[in-house]
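Heads up, the thing below is written out as structure tokens.
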Protein chains: 2
Amino acid sequence: MGSISRRSADVALRIFASGANLTPADQDLLARLTGEPQAFEAGSWIEPQTAPEERAWLVVSGWAAQARVLSDRRRQIGRLLLPGDVAGLSHLGGGARLGLLALTEVVVADFNLVRAAVEAGKSRGLARAWAELQRAEQAGALQQIMRLGRFTAFERTGDLLLELYERLVAAGLAHDRSMPMPLTQEVLADCLGLSIVHLNRMVQLLRRNQLIASEPRRISFLDLERLAEECHHPLSSEALAEAAPRSSFTGRAKVQNFAAGHISG
Amino acid sequence: MGSISRRSADVALRIFASGANLTPADQDLLARLTGEPQAFEAGSWIEPQTAPEERAWLVVSGWAAQARVLSDRRRQIGRLLLPGDVAGLSHLGGGARLGLLALTEVVVADFNLVRAAVEAGKSRGLARAWAELQRAEQAGALQQIMRLGRFTAFERTGDLLLELYERLVAAGLAHDRSMPMPLTQEVLADCLGLSIVHLNRMVQLLRRNQLIASEPRRISFLDLERLAEECHHPLSSEALAEAAPRSSFTGRAKVQNFAAGHISG
DNA sequence: CGTGGCTTTGATAGAACTCAAGGCTTGTGG
DNA sequence: CCACAAGCCTTGAGTTCTATCAAAGCCACG
């Protein structure tokens, strides 16, 4: 949890503000209100679900998750946070509170002052950007509900991977039908409401069906369009545009797990 | 879809604004911006999921649902709307769009002007009320994700019934551990991602376990606290307070379905 | 009194979970 | 440089949960 150079938050701030068209003055205000970056190691809670108040955080680098753990150790991940995402847009309160968990090594910046400024109506530009984040969070939640409610395990898995790819592309962190995948299958399973074993089998099915290929910490899509169709996932145009070069992975027979494993199928 | 007396929206407006502490001026603005109440019959789409733009609606009376239907007829209900709830708080756009479906006969009022006023920053009070609605919607979505992801069919069913009871109590539409239940089991199943048959069996299980009792279009809770515990549902204090009188249903052996059926235990 | 919508029941099939063990990598210490 | 341990992925077998299919019952309504 050390302190990091303040500048390291710049990239994330840029991602956060992308599409919001902030004026220079707003950008400056935003930079001043953003707290010192802090690092958390993989597996640690940035904010436990029992925290007395809900703080706002900007994810600067690394992947985090908002999660709730039941007394019998069942765990549900409500939302995955990528660099540029913000946790704690609004105080949820009550029984709905989630904890914020570092899935990889994560750097976050305190965003409470930004939230306070937005709530106090200090800046129209920031308020617009904030509203856009809330919109995206709401849309993501609905997508998650659709997945969990009526999708099969196979569809859920493909749909989530596509969502992550699209979000990473939007953040400039993926391209060419390939993306980093630092998450363990346990984490993916907890997103999708599946057991680890079953999720593993779905990933293998995706591979056997020539829909994805994976290197240790990376996943490539062999047929984005077919995967999207089979998973009822409406592909964003940006994701398709980014996919043009159709990388060399297509030819390979290398079909492996994320972080280890051998050829299977 | 006829037009209804303008005054009929008053109650819903009051529910909508409850807790927001609007000034008289804001209340007046709100009333002026709220459109003519319109009636829709049960089963009709107030707004199809293919609508070109997403309009904002205040539910004045009746129950509605935001739902998405897949090409193979699978249907997922993302959110149930009770009187006083608002659909279309923000433009979601993209693939996440849901339709708005009348589950009973429903009266809605056009809320687009209110949304526009909020987005234009016309009133601090209205903006606060609007933000509170967004907060509630977000919390509801997270609850739904938790339910669908990690709860068993039994827990989902009980948890949803408790949520509905709490929301109805908050809106002044239920009390004494008893609430109206105009929804068919098909609708409940589509909320919970279950088949009709299985949902029916879960309801029967709740009855057999002496947790609920039901008359034709009404459900009573025989042991709110035990149900909440078994379903991992944190009960709101208001729901418990409303429950004090422990109505006479407790003694009855009448254990029936919602709209029809016979004794089954 | 027949019809349609909803609920209930039973039987069967399929999906997903659990348990248990083994394999691949990576990192660590001798 | 090798042995070992820990974490993660993979596999197989058996069980539980949930869906599907089909039919029947109940109720409201015309």
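Proteins come first, then strands; the chains are lettered A, B, ... in the order of their sequence lines, and each starts at number 1. Keep in mind it's a predicted model, so treat the numbers as computed, not measured.
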Once you apply a heavy-atom cut-off of 4.0 Å, does B:G43 come out as touching a base, just sugar-phosphate, or nothing?
nothing
Measure CG/A:D190 against P/C:dA16 and give the value in whole Å, please.
16 Å
B:L183 CG to C:dT7 P, in whole Å, measures 10 Å
Between the side chains of B:R156 and B:E163, is the shortest nitrogen-to-carboxylate-oxygen separation below 4.0 Å, so that they form an ion pair?
no
For C:dT7, take OP1 and OP2 only and decide whether either is under 4.0 Å from a side-chain N or O of B:N200.
no
Show the nearest heavy-atom pair for residues A:L100 and A:L81, with the distance to one decimal.
CD1-CD1, 3.6 Å
Should A:R207 be listed as having a side-chain N or O under 4.0 Å from OP1 or OP2 of D:dT10?
yes
State which of C:dT9, D:dA13, D:dT18 makes the closest approach to the side chain of B:R201.
C:dT9
All heavy atoms of A:T104 vs all of A:P182, minimum pair found to be CG2-CB, 3.6 Å
May I ask you to verify if any side-chain N or O of A:Q185 is less than 4.0 angstrom from the OP1 or OP2 atom of D:dT10?
yes
Separation of D:dT10 P from A:M202 CE (nearest whole Å):
13 Å
Plane angle bin for B:W57 and B:F40 - parallel if under 30°, tilted between 30 and 60°, otherwise perpendicular:
perpendicular
As a test of reading the structure: which of D:dT10, C:dA16, D:dT11 is closest to the side chain of A:A153, going by heavy atoms?
C:dA16
Looking at the side chain of B:L194, which of C:dC17, D:dC9, D:dT18 is the nearest nucleotide?
D:dT18
Go through D:dT10, C:dA16, D:dA19 for me and flag the one nearest to the B:H198 side chain.
D:dA19
Nearest whole angstrom, please: distance from the C1' of D:dC9 to the CG of A:L206.
16 Å
OP1 or OP2 of D:dT11 sitting under 4.0 Å from any side-chain N/O of A:Q204?
yes
Measure from the side chain of B:V197, starting at C-beta and using heavy atoms only, and say which of D:dC9, C:dT7, C:dT9 lies closest.
C:dT9
note: A:F151, atom CZ; C:dA16, atom P; distance rounded to Å ~ 13 Å
For the pair made of CD1 in B:I196 and P in D:dA22, what is the distance, rounded to whole Å?
15 Å
Just verifying a value: how many Å separate B:I145 CD1 and A:Q144 CD, rounded to the nearest 0.5 Å?
5.0 Å
Taking atom P of C:dA15 as reference, at what distance in whole Å does atom CG of A:L192 sit?
18 Å
What is the distance from CG of B:L199 to P of D:dC17, rounded to the nearest Å?
17 Å
